[in-house]
There are 2 protein chains.
Amino acid sequence: MALPREYETQACALARALEVVGERWTLLIVRDLFFGVTRFTDIQAHLDVPRAVLTARLALLVDAGIVERRPYAPGRFEHVLTDAGLELWPIVHQLMGWGERHLVDSGPVRLFAHASCGTDLALDGGCPTCAIVPLPADVETRPGPGTPSVRRTDPISVALREPHRLLQPV
Amino acid sequence: MALPREYETQACALARALEVVGERWTLLIVRDLFFGVTRFTDIQAHLDVPRAVLTARLALLVDAGIVERRPYAPGRFEHVLTDAGLELWPIVHQLMGWGERHLVDSGPVRLFAHASCGTDLALDGGCPTCAIVPLPADVETRPGPGTPSVRRTDPISVALREPHRLLQPV
DNA sequence: CAGACTTGGTTCATTCAGTGAACTGACTCT
DNA sequence: AGAGTCAGTTCACTGAATGAACCAAGTCTG
């Protein structure tokens with residue numbers, strides 16, 4: 001059927017992965033799903049992504065088996081990460097960490113801790129105390145000292161300024 | 001100065017990171033740099049990326065401090081990853097692994113081993129034998145059993161079918 | 001029970017980025 | 001001198017992103 005943005009001449013699995021999660025907005029949408037932002041309207045308001053793009057991206061993610069779209073009330077849907085989607089957590093976490101280290105100069109914007117023991121996660125996503133790599137459901141996130149001066153005031157952004165577990169609906 | 005594709009309303013470091021490495025082709029170019037493909041013409045031939053795009057992406061990567069462009073002969077340049085660029089290795093490796101597991105059905109397209117001990121790397125990029133995460137310069141890559149039937153015949157693709165160390169010029 | 005509001009979209013005109021082919025100019029090789 | 005290579009630039013065309021407007025189903029409010 002042909003994915004929208006193809007790298008068809010590339011044999012590499014990286015090209016396949018980027019066809020699914022490499023488009024503009026897609027990884028930010030996935031991040032929001034990890035943060036527990038699961039409803040169309042909430043994601044749209046939080047990311048300022050054009051509705052048409054959000055529709056297309058969610059459909060692609062569902063097609064690719066990364067997201068499940070399921071009704072929770074008549075005409076209402078929530079988008080939850082599948083197992084394949086949850087496995088994107090290390091990538092999202094590391095990319096965030098890389099951005100903190102090299103692109104942000106005001107200190108970490110967001111911190112992640114192993115919920116079971118409270119220890120902040122290492123660069124590779126592992127818990128230094130427990131010597132394991134916690135699953136996203138066992139990770140708690142909170143804003144760090146690098147939070148920018150201009151703060152968004154939409155309800156989702158405000159809710160995300162409180163510590164909470166990943167995947168827990170906001 | 002404004003990066004080309006901005007996610008300006010997003011505070012998250014992920015948005016900053018994606019402004020630099022989230023554009024079409026960029027991460028494939030970075031992968032080629034890890035594979036030791038460093039010359040403009042070689043990257044262009046290997047990826048089939050439009051020259052204008054490659055020019056723009058390399059300039060952006062240099063601007064962002066991820067790549068250093070240096071002459072090795074009059075009018076000839078090689079592009080080498082800086083320390084910040086080298087730190088993208090876990091992300092590139094994990095995204096490749098994720099693609100292998102969920103998007104490719106013919107087995108691994110490419111394998112990575114710890115050059116010092118010969119052990120294949122685990123999912124998280126670590127060496128199970130040595131219990132460390134090898135630096136990219138200490139990783140050897142070779143094609144896996146999932147290599148596709150239609151093989152590219154450009155010299156770079158052919159050269160990359162031989163085992164070789166990352167960052168070692170092809 | 002009418003009217004307003006919320007949710008989750010679609011449509012459309014405009015803008016912007018990606019594509020591919022052709023062209024260029026510096027340098028090298030024979 | 002002429003051909004070839006490298007590293008681009010230019011340009012016309014296409015396709016995707018944007019943002020505003022519109023819409024329909026379901027829910028809440030007076």
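Note on naming: letters A, B, ... go to the chains in the order of the sequence lines (proteins, then strands), and numbering restarts at 1 for each one. Since the structure is predicted, the reported quantities are computational estimates derived from the model, not experimental observations.
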Closest listed nucleotide, where the reference is the side chain of [X] and the choices are [options]:
{"X": "B:Val53", "options": "C:dG18, D:dT9, C:dG9", "result": "C:dG18"}
{"X": "B:Ala52", "options": "C:dG8, D:dT10, C:dG18", "result": "D:dT10"}
{"X": "A:Glu23", "options": "D:dT18, D:dA17, D:dG8", "result": "D:dA17"}
{"X": "B:Phe40", "options": "D:dG8, D:dA21, D:dG19", "result": "D:dG8"}

OP1 or OP2 of [N] versus the side-chain N and O atoms of [X]: is any pair under 4.0 Å?
{"X": "A:Thr55", "N": "C:dT10", "value": "yes"}
{"X": "A:Arg24", "N": "C:dA17", "value": "no"}
{"X": "A:Arg57", "N": "D:dA17", "value": "yes"}

For A:Leu111, does its backbone N or O pair with a side-chain atom of A:Thr141 as donor and acceptor, under 3.5 Å?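 Present.
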Examine distances only and state if a side-chain atom of A:Trp98 and a backbone atom of B:Ala84 form a donor-acceptor pair shorter than 3.5 Å.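 Present.
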For DNA chain D, find the residues of residues 68-78 of chain B with a heavy-atom distance under 4.0 Å and give them by number; none if there aren't any.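 Residues of residues 68-78 of chain B that come under 4.0 Å of DNA chain D are, in numerical order, B:Arg69, B:Gly75, B:Arg76, B:Phe77.
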What distance do A:Leu14 atom CG and A:Glu19 atom CD have between them, rounded to the nearest 0.5 Å?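 It comes to 10.0 Å.
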Nearest-0.5 Å distance that lies between atom CG in A:Leu95 and atom CG in B:Leu88: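 Answer for the CG-CG pair, A:Leu95 versus B:Leu88, is 7.5 Å.
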What is the distance, to the nearest angstrom, from the [atom1] atom on [X] to the [atom2] atom on [N]?
{"X": "B:Asp48", "N": "C:dT19", "atom1": "CG", "atom2": "C1'", "answer": "12 Å"}
{"X": "B:Gln44", "N": "D:dT9", "atom1": "CD", "atom2": "P", "answer": "13 Å"}
{"X": "B:Ile156", "N": "D:dT5", "atom1": "CD1", "atom2": "P", "answer": "14 Å"}
{"X": "B:Arg51", "N": "C:dA22", "atom1": "CZ", "atom2": "C1'", "answer": "11 Å"}
{"X": "A:Leu47", "N": "D:dG19", "atom1": "CG", "atom2": "P", "answer": "13 Å"}
{"X": "B:Leu60", "N": "C:dG18", "atom1": "CG", "atom2": "P", "answer": "11 Å"}
{"X": "B:Arg39", "N": "C:dT28", "atom1": "CZ", "atom2": "P", "answer": "16 Å"}
{"X": "A:Trp25", "N": "D:dA17", "atom1": "CH2", "atom2": "P", "answer": "11 Å"}

List, one per line, each side-chain donor-acceptor pair under 3.5 Å for residues 161-170 of chain A, sequence neighbours excluded.
from: A:Arg161; atom 1: NH1; to: A:Arg152; atom 2: O; distance (Å): 3.4
from: A:Arg161; atom 1: NH2; to: A:Arg152; atom 2: O; distance (Å): 3.0
from: A:His164; atom 1: NE2; to: A:Phe35; atom 2: O; distance (Å): 2.8
from: A:Arg165; atom 1: NH1; to: A:Ala137; atom 2: O; distance (Å): 3.2
from: A:Arg165; atom 1: NH1; to: A:Asp138; atom 2: OD1; distance (Å): 3.3

Could you tell me if the side chain of B:Val139 sits less than 4.5 Å from the side chain of B:Trp89, heavy atoms only?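 Yes, close enough: below the 4.5 Å cut-off.
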Closest nucleotide of DNA chain D for A:Pro50 versus for B:Leu58: which of these residues is on the 5' side?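 With A:Pro50 and B:Leu58 compared, the 5'-side residue is B:Leu58.
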Determine all donor-acceptor pairs shorter than 3.5 Å in which one atom belongs to a side chain in residues 66-76 of chain B; sequence neighbours excluded.
from: B:Arg70; atom 1: NE; to: B:Glu78; atom 2: OE2; distance (Å): 3.2

